[in-house]
Amino acid sequence: MMDPQTYSLIADIIRRESRSLLQYVGESYPTITPDQQDTWSQIRKMIDEELQGVADLMRLLQRRHEPPPYIGSYPSSFTSLSFVSLDHLIRLLVTHEGEDLGRLEREIGVIADPEADELVQNIIETKRRHLETLRSLAAKNPQPAVA
């Protein structure tokens, strides 16, 4: 069994990470040009890696005989992002990944379970790496000027 505060936090992390903008992008249909296929492959890899972190936390709950959290739906604000350009999404992903990372970094200190702490640390490291990649991708594709 896990202490209630840690369980609650882990459940919240699972919910947020399962319904992040990055995960939504994986289920939406961004407009991708032929020359963006490599970029899209990099983003798909990020999506899969972050889902692996969620799966690791879910397995921990299962081993501890804790109930899986209710995941819910994506934020309704994401629905306006279907069928937009990949360049636009990359900029939004930089913002969201940075916010998500900051929140995880603030929360990590209250996790009392060493195994849960290690799994969340892994998610944090993955997000740091992804944020740097996304920043690099955004820099390669500057926002077009609006007339």
Report task. Report the distance from atom CG of Leu104 to atom CD of Glu125, rounding to the nearest 0.5 Å. Result -> 11.5 Å
Query raised in the report: Taking side chain as C-beta onward, heavy atoms only, is Ile90 less than 4.5 Å from Thr39?
Result: yes
Requested in this report: Give a yes or no on whether Gln62 atom CD has more than 12 heavy-atom contacts from other residues, nucleotides or ligands under 6.0 Å away.
Outcome: no
Report task. Would you mind reporting whether Leu101 and Glu97 have side-chain heavy atoms less than 4.5 Å apart? Result -> no
Query raised in the report: What pair of heavy atoms forms the shortest contact from Leu89 to Pro30, and how long is it?
Result: CD1-CB, 3.3 Å
Query raised in the report: For the atom pair CH2 (Trp40) and OG1 (Thr31), what is the distance rounded to the nearest 0.5 Å?
Result: 10.5 Å
Requested in this report: Could you tell me whether Glu132 and Arg129 make a salt bridge, using a distance below 4.0 angstrom between a side-chain N and a carboxylate O?
Outcome: no
Query raised in the report: Is there a side-chain contact between Leu21 and Thr95 (heavy atoms, below 4.5 Å)?
Result: no
Query raised in the report: For the residue pair Leu81 and Val84, what are the closest heavy atoms and their distance?
Result: O-CG2, 3.1 Å
Query - Test item: side-chain donor near acceptor, Thr33 and Gln36, under 3.5 Å - result: yes
Requested in this report: Determine whether Phe78 and Leu92 make a side-chain contact, defined as any pair of heavy atoms from C-beta on separated by less than 4.5 Å.
Outcome: no
Query raised in the report: CD of Glu115 to CG of Asp117: how many Å apart, nearest 0.5 Å?
Result: 11.0 Å
Report task. Give a yes-or-no answer on whether the side chains of Ser41 and Asp38 include a donor-acceptor pair shorter than 3.5 Å. Result -> no
Query raised in the report: Please walk me through it: do Lys45 and Glu50 pass side chain to side chain contact (heavy atoms under 4.5 Å, CB included)?
Result: CA-CA 9 Å; Lys45 184 178 178 190; Glu50 291 196 14; over 6 Å; no
Report summary line: Rounded to the nearest 0.5 Å, the CD1 atom of Ile13 sits from the CG atom of Leu119 at a distance of 10.0 Å
Query raised in the report: Do Thr126 and Gln52 come within less than 4.5 Å of each other through their side chains, counting heavy atoms only?
Result: no
Query - Close side-chain approach of His130 to Ile47, heavy-atom, < 4.5 Å - result: no
Query raised in the report: Yes or no on side chain to side chain contact (heavy atoms under 4.5 Å, CB included) for Glu66 and Leu60, after CA distance, side-chain angles and deciding distance?
Result: CA-CA 9 Å; Glu66 298 286 356; Leu60 174 65; over 6 Å; no
Requested in this report: Decide yes or no for Arg63 and Met58: does some side-chain heavy atom of the first lie under 4.5 Å from some side-chain heavy atom of the second?
Outcome: no
Report task. Might you point out which heavy atoms bring Pro69 and Leu61 nearest each other, and give the distance in Å? Result -> CD-CD1, 3.8 Å
Requested in this report: Run the numbers on Lys140 and Asp87 for salt bridge (Lys or Arg N to Asp or Glu O under 4.0 Å), then give the verdict.
Outcome: CA-CA 10 Å; Lys140 289 178 187 176; Asp87 290 339; over 6 Å; no
Query raised in the report: Under the 3.5 angstrom rule, does the side chain of Thr6 hit a backbone N or O of Met2 as a donor-acceptor pair?
Result: no
Query - With Leu93, the side-chain contact (heavy atoms from CB on, under 4.5 Å) member among Leu86, Leu22, Leu137 - result: Leu22
Query raised in the report: In Å, rounded to the nearest 0.5 Å, how long is the span from OH of Tyr7 to CG of Asp12?
Result: 11.0 Å
Query raised in the report: Do Asn122 and Glu118 have side-chain N/O donor and acceptor atoms under 3.5 Å apart?
Result: no
Query raised in the report: Is there a side chain to side chain contact (heavy atoms under 4.5 Å, CB included) between Val120 and Leu57 once you walk through the steps?
Result: CA-CA 8 Å; Val120 174; Leu57 287 175; 4.1 Å; yes
Query raised in the report: Ignoring hydrogens and geometry, is there a side-chain-to-backbone donor-acceptor pair from Ser18 to Arg15 under 3.5 Å?
Result: no
**Report entry** Leu9 side, atom CG; Asp113 side, atom CG - distance, nearest 0.5 Å
**Finding:** 11.0 Å
Report task. Keeping the roles fixed (side chain from Ser8, backbone from Gln5), state whether a donor-acceptor pair exists under 3.5 Å. Result -> no
Report summary line: Tyr74 meets the ring pair (Phe, Tyr, Trp, His ring centres under 6.0 Å) criterion, sequence neighbours left out, with Tyr24
Report task. Check step by step if salt bridge (Lys or Arg N to Asp or Glu O under 4.0 Å) holds for Glu49 and Arg44. Result -> CA-CA 9 Å; Glu49 288 176 352; Arg44 291 290 324 166; over 6 Å; no
Report summary line: Between Ala138 and Val94, the two heavy atoms sitting closest are CB-CG2, 4.3 Å
Query - Close side-chain approach of Ile123 and Val54, heavy atoms under 4.5 Å - result: no
Query - Charged N-O contact under 4.0 Å between Glu107 and Arg16 - result: yes
Query raised in the report: For Asp56 and Arg59, what are the C-alpha separation, side-chain angles and deciding distance, and is it a salt bridge (Lys or Arg N to Asp or Glu O under 4.0 Å)?
Result: CA-CA 5 Å; Asp56 292 344; Arg59 280 190 291 280; 2.4 Å; yes
